Amino acid sequence: CVSPNNNILTQKYGSDGWESRSTIMSSSVHPGPQVGCGGAGGVHVHDPGCMVDNNIDTYWSSGVSAKTVWVGINIQQYLALCSYTLVAKKDRKEELNNIRVDFYGIPDNIDISASSEIESEWILLHSKADVGEFEESALSKTFIVDSTGSFKDYRLVLTATNERTFIIG
C-alpha cells in the first residue's frame, strides 16, 4: 500500500515518477465532481479540493450545520492507501474535536458523486469512534487503515454527536 511523505491525493505516478495533478472531489454539500480547489482566497476556499491542496489558506467546509457529512475523493488511479490524515484549521480546530470518522473504498460500479449511494456497498477500510481533540501543537491526526484494497475512489464520512459546521484544512 502507498503511504508516501507527500500528499498522494495531489499526485499521480507517471513515466517520470510522481507528478502533480488536480484532485477530483465531491461532498455532501457539493455532490457533483469538482476539479481542484479553485484557488486561494475568495469564495472557493471551502470547495472539497481545498481540503487536500497543501495550502494553509484554503480548507473544505460543510458550509451548513449537520451531524454527518462526507467527502468523496477520486485519485484517478488504483492505489491501496495505508493511512490518511485529518488536518484541523488552526482557528477552527474545535469543529473536528471528538468526531467519528469512517474511511471507505468505493467499488467501481458506484458513482462517487451521487449522494444517494447505498453505504452497505462501500468497503469499510477504517473506523474510529472518537478522534479526540485537536490542539494548537497537534493540528493533524494520522490514521492507519485496518484493511486495504486498491481503489481509485474513496469516501470519508464524518459524524458528530451534535450538529456543527465541519472544517478540514
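Bear in mind that the values here come from a model prediction, so they are computed numbers and not experimental data. Keep in mind that the numbers below use all heavy atoms, side chains included, and drop hydrogens, waters and symmetry copies.
Among residues two or more places apart in sequence or in another chain, the side-chain contact (heavy atoms from CB on, under 4.5 Å) test is passed with K128 by V101, H126, V131, F143. When the side chain to side chain donor-acceptor pair (under 3.5 Å) test is applied to S140, no partner is found at least two apart in sequence or on another chain. For S127, the side chain to side chain donor-acceptor pair (under 3.5 Å) test picks out R100, D102, with sequence neighbours left out. Not a single side-chain contact (heavy atoms from CB on, under 4.5 Å) links T161 to another residue, sequence neighbours left out. With sequence neighbours left out, N97 forms a side-chain contact (heavy atoms from CB on, under 4.5 Å) with E94, E133, F134. Scanning for side-chain contact (heavy atoms from CB on, under 4.5 Å) contacts around S147 gives L125, with sequence neighbours left out.
Considering only heavy atoms from C-beta on, E95 stays 4.5 Å or farther from F166 through its side chain. Side-chain atoms of L158 and W70, non-hydrogen and from C-beta on, never get closer than 4.5 Å to each other. Annotation: side chain of I106 is not in contact with side chain of N74 (no heavy-atom distance under 4.5 Å).
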* To do: Decide side-chain contact (heavy atoms from CB on, under 4.5 Å) for T68 and V157; before the verdict, give the C-alpha distance in whole Å, the side-chain angles of both, and the deciding distance to 0.1 Å.
  => CA-CA 7 Å; T68 301; V157 178; 3.8 Å; yes
* Passes side-chain contact (heavy atoms from CB on, under 4.5 Å), T165 versus V64? Steps please. -> CA-CA 5 Å; T165 301; V64 296; over 6 Å; no
* To do: Mind running side-chain contact (heavy atoms from CB on, under 4.5 Å) on Y84 and V145 for me, showing each step along the way?
  => CA-CA 8 Å; Y84 64 99; V145 298; 4.2 Å; yes
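Under the 3.5 Å distance criterion, with hydrogens and angles disregarded, a donor-acceptor pair is assigned to the side chains of Y78 and D108.
How far CG of L156 is from CD1 of I73: 6.5 Å, rounded to the nearest 0.5 Å. For the atom pair OG (S62) and CD (E163), the distance works out to 10.0 Å, reported to the nearest 0.5 Å. Between I99 atom CD1 and T159 atom OG1 the span is 8.0 Å, to the nearest 0.5 Å.
If you look at F103 and Y154, their ring centroids are closer than 6.0 Å.
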